[in-house]
Amino acid sequence: MFPAQPEATSGDPATPANDAPGAAFGVPASPHFPKLEEGVLAYWQQDGTFQASIDNRPAGDHGSNEFVFYDGPPFANGLPHYGHLLTGYVKDIVPRYETMRGKRVERRFGWDTHGLPAELEAMRLNGIKTTDEIVEMGIAEFNEACRSSVLKYTKEWQEYVTRQARWVDFENDYKTLNPDYMESVIWAFKTLHDKGLVYEGFRVLPYCWNDETPLSNHELRMDDDVYQSRQDPAVTVGLRLNTGELALVWTTTPWTLPSNLAIMVGEDIDYVVIEAPVPGNPERIERFILAEARLGAYARELGDEPVVVERLTGAQLAGRTYTPPFSYYLGHENAFRVVTAEFVTTTDGTGLVHTAGAFGEDDKVVTDRENIEAVMPVGKDGKFTAPVNDYLGQLVFDANAPIMEHLKAATRGEGETGSVTEGTVLLRRETYDHSYPHCWRCRQPLIYKGVSSWFVAVTQFKDRMVELNEQITWTPEHIKHGQFGKWLENARDWSITRNRFWGSPVPVWKSDDEAYPRIDVYGSFEELERDFGRLPVNADGERDLHRPYVDDLVRPNPDDPRTPEEGQSMMRRVTDVLDVWFDSGSMPYAQVHYPFENRDWFENHYPGDFIVEYIGQTRGWFYTLHVLATALFDRPAFKSCISHGIVLGSDGQKMSKSLRNYPDVNEVFDRDGADAMRWFLMASPILRGGNLIVTEPGIRDGVRQVMLPLWSTWYFFSLYANAFDGGAGYEAKWSTASTDPLDRYLLAKLREFVTELQGQMDRFDIADACESTRTFLDVLTNWYVRRSRDRFWDTSAQDGAVARQAFDTLYTCLEVLTRAIAPLLPLTTEEIWRGLTGGRSVHLTDAPDPSDLPQDHALVVQMDTARAVCSAASSLRKANKLRVRLPLSDLTVVTDDAAALQEFAPIVADEVNVRQVSLQDASTAQAADYGISQQLVVNARAAGPRLGKEVQVAIRGSKSGDWSVTPDGDVTSGGIALVEGEYTLETVVAQDGDGSRATAMLPGGGFIVLDTTVTPELEQEGLARDLVRAVQQARRDAGLDVSDRISLTITGSATVFEATVTHRDLIVEETLATQFSSAPQLDALPARDDVAEATVGEGESARIKVMKIG
RNA sequence: GGGCCUAUAGCUCAGUCGGUUAGAGCGCUUCCCUGAUAAGGAAGAGGUCACUGGUUCGAAUCCAGUUAGGCCCA
């Protein structure tokens, strides 16, 4: 009996709506998939199927049989959304598939735990806003709050992931906050340092002087009102070039002028030198340089039409030197030159930009390029420090006023000038309204400021990164040399430190006295213990590399000969923590605590075989994995990568909780199920890099197109296998021995499907695999099962041998199919496969081997032709208004190899309801018979290269009929001679035919002719079939089971009566009537509830009464 | 402002090496079929392959530019 494993599902999966046709011994006609899925999930849980699927497969020597999958760790301080589910499904499908292909695939779940989001959440929960308050609260307590916030939703995550049927190991997971993980991370830092690939420098960031902390760009976008309108003073200052002119620069941050290091110009911008008097000093004529496009903006100071003395481009200006506006950094190496920069525009200002290096991101890039060392005379409180002694202790914004006063005084040659240099001129001061960033916490205006940071010198090995990228397979392909490749080519050094609290520590200890410099870098607990005499331990006495415990490790500076009493300097850790991306990029080795453990394993499992994340990770995880892999191991970190697109809400916008523009995840699980969602996401273009709009109808579509057909086939099988031999049932077996053409076709088609599917899965082409599956299911249900139905209840001939073959074939097909697509629909296939075979789990089996199935491509092609014949014939019936139940005498099929279709003639005859299917070779068909003619088709692909332009003439000739064939077989079209292979001659038929027949072309060549003559005899049989149909409907309406025997009464006109007499056997057999009577008088049956009325034949009325017997 | 991607039926998307009649699913209209299927079949309507120019005997396809949208960077 099927299902062979009734306990596979818990409870009764049948829906209440399904009581009419009756469940087939426990297999419901229309299952409630979510409930079915929960049953399977419970079974896996209790059976330990997941672990068994791994244990089943040997790892091989040095893990040669392992497929290595890296889980990109999510940050779990929120609940999972569709994006997580999407990657989760891919992260499940690929390992499941590889497992069934014989590989051992360990899957460890990973958690990303460090970083700013955790800190912000902890600050919010504790109602604090500044880093000072964190220190006040205590770093230990604060970090404890971070730790609990990032692990807050792990339980929910586990539930979601389990519900989506993703098999992943939560017991043996990795967390970036584990001491072992962090030890590997500092090992990586130290290794990079030993290779000379990390250095300390400045990083320019938005900086809040009030909270005394740099902000991330992420924080800049925190609120819409971070950018507020603000009035600032703007000054235009002339700086004295070595060639004598005054280069005019414009800035809205006068306070950066004391730190000026260079002037930037646009290479292709046109500049002019003009002569004009100095404002407030009319006798003093100077030569000024500014962009020609900006002349008009300075008409007030320079005159409407100033005398242009010289014109030159930015490129010509570059290289000149000048005297800085203030004298603090006079003599600074490489500084005070005119340099070119791409971002200089002439939309405002003067077309010359002053740069102070460490007070702007672009500025920093340019000064780095020019080897100008940044200066930083502004302290962490935003106040000036040495050597800018004139404004010492003043907040930079407050210093704007005295700075401008000093410039003005120097220009006029009177009053206090501070440290303004000789010859510097203030041309204009104005007030400027602009959108300016403010701190999202304290609302004070931010400044851009260089802060100390450690960098990975990516630029040193980026060429190697580009080379190693060639070894990676990307999906979609264009990522390789596009988004990712371009990013690599333009890679900059990576700032890896953050002046924060919750993260892996920067393992660098520095002397606290510059007089006795020393730097120590540590890469393990052991090294720390060696130098400090103890390990960093937390309050519970456990090894812990987090702050503040690691900061407690302090020791005297060995390079300082003084004694502690003499004030010996101490080695103290730099207080920064590492960028969280350093954590996640370290995941391949850190998750196994390499190199402290698992050295051998790691060496043989790196690079990983496969990763998947969304396309934005080309700048994130994909990138940091690649940087660290290249720098540390000179290998790529992964061999193959899918970067998928973005999941959008139903309105095409980003998913947003407030807009409620996407269906709730749990609602979908509860209503449609995890396999339905899996199918929806996996069959979509999102895995090719496109975007995806999540809609409820889209999800249900997959259920209707794939899951229901698959299930219905299984239901059909179980229904009739169990009903076999009067209910005794038939134990179908795995067999490919059937000689029936439909069976052979199905198995050959199945083989081709499995081959195709595996090719797609091997390429991780999941979307195409889904499409192939959908196409095959269509063949299975809408051709094979539909055309084979009567064989399944034909238990008469040869002791039911016909039915047995059909059952065995369908069993075999379902068994192979469920194994083939088990990764794509793991829950549904599990239920079916277990019901079918009684085995433990489809996921413990091997993927199907195509060679177990018969190969017969010719048969597949022929059957597909037969299907085309049926389709064309149906179209003719429709055009001639001849219903399919009305039998016709003949359908003639004329094709090139008609004999090959002989085997399928009965199938076609039955499908299109004709008495006879005549087959005729095209070569022997007489033109006169059907009004056929020949048509010339030019093969442009073949003829084009030889004929060139002439081919168009030949094509026009073939279409207009201007072509000929000589008796010798020479073909000419449009006057152009064609040679063998450049043309084909096809037989065509007039598309209409005359009154007694209808003709139609077949898509692959050939045509069909349908005899449309309706004789009285055919008319009568058609009527009888109408009656059968009406009786079947009556059976259904009466709620009878398909195998119930009935007593049948039919009444109607004389025409109806005669049909029941002539076709009594047909009616009785088709409707399982063991008692039958009919009468030539409609009213012989009264019009009552249990009597059905029907219109049959050409408008004849009939009454039908059906009664169950026994 | 820069880089990358996308633009094909009402909707969502395929479209191989450039080959002359551009496909699928969904939706719509009409008809048909139904002893598994909340189904199925057929026909029909629906296309300036975003636009402009170029290369070519021939362009949805290759090239350049334009427009619109998306992602990332600035």
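Side chains included, hydrogens not; waters and symmetry mates left out as well; all remaining heavy atoms used.
Taking Val204(A) as the reference, Glu361(A), Lys364(A), Tyr448(A) meet the side chain to side chain contact (heavy atoms under 4.5 Å, CB included) condition, with sequence neighbours excluded. Residues satisfying the salt bridge (charged side-chain N to carboxylate O under 4.0 Å, His left out) criterion with Asp768(A), sequence neighbours excluded, are Arg688(A). For Trp963(A), there are no ring pair (Phe, Tyr, Trp, His ring centres under 6.0 Å) partners at least two apart in sequence or on another chain. Applying the side chain to side chain contact (heavy atoms under 4.5 Å, CB included) test to Glu1069(A) and every residue at least two apart in sequence or in another chain returns nothing. For Tyr983(A), there are no ring pair (Phe, Tyr, Trp, His ring centres under 6.0 Å) partners at least two apart in sequence or on another chain. By the ring pair (Phe, Tyr, Trp, His ring centres under 6.0 Å) test, Trp581(A) pairs with no residue at all, sequence neighbours left out. Contacts of Phe622(A) classified as ring pair (Phe, Tyr, Trp, His ring centres under 6.0 Å), with partners at least two apart in sequence or in another chain: Trp474(A).
With RNA chain B read from its 5' end, the first of the two nearest nucleotides for Leu947(A) and Tyr614(A) is the one closest to Leu947(A).
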query = When you check every protein heavy atom under 4.0 Å of nucleotides 17-22 of chain B, what one-letter string (B, S, -) results, 5' to 3'?
reply = B-BBS-
remark   = Expected string for nucleotides 1-9 of chain B under the B/S/- scheme (protein heavy atoms, under 4.0 Å, primed atoms plus P, OP1, OP2 as sugar-phosphate) is --SSS----
If you restrict it to nitrogen or oxygen atoms, what contacts under 3.5 Å exist between nucleotides 59-63 of chain B and the protein, and what is each distance?
none

Distances for protein N/O vs nucleotides 24-34 of chain B N/O pairs under 3.5 angstrom?
residue : atom : partner    : partner atom : Å
A24(B)  : O2'  : Arg774(A)  : NH2          : 3.2
G25(B)  : O2'  : Gln705(A)  : NE2          : 2.7
U30(B)  : O2   : Lys878(A)  : NZ           : 3.2
C33(B)  : OP1  : Arg885(A)  : N            : 3.4
C33(B)  : OP2  : Arg885(A)  : NH2          : 3.3
U34(B)  : OP2  : Arg885(A)  : NH1          : 2.5
U34(B)  : O4   : Arg1029(A) : NH2          : 3.1

query = If you write RNA chain B from 5' to 3' in dot-bracket form, with Watson-Crick or G-U pairs under 3.5 Å, [ ] for crossing pairs and | for pairs with another strand, what do you get?
reply = (((((((..((((.....[...)))).(((((.......))))).....(((((..]....)))))))))))).
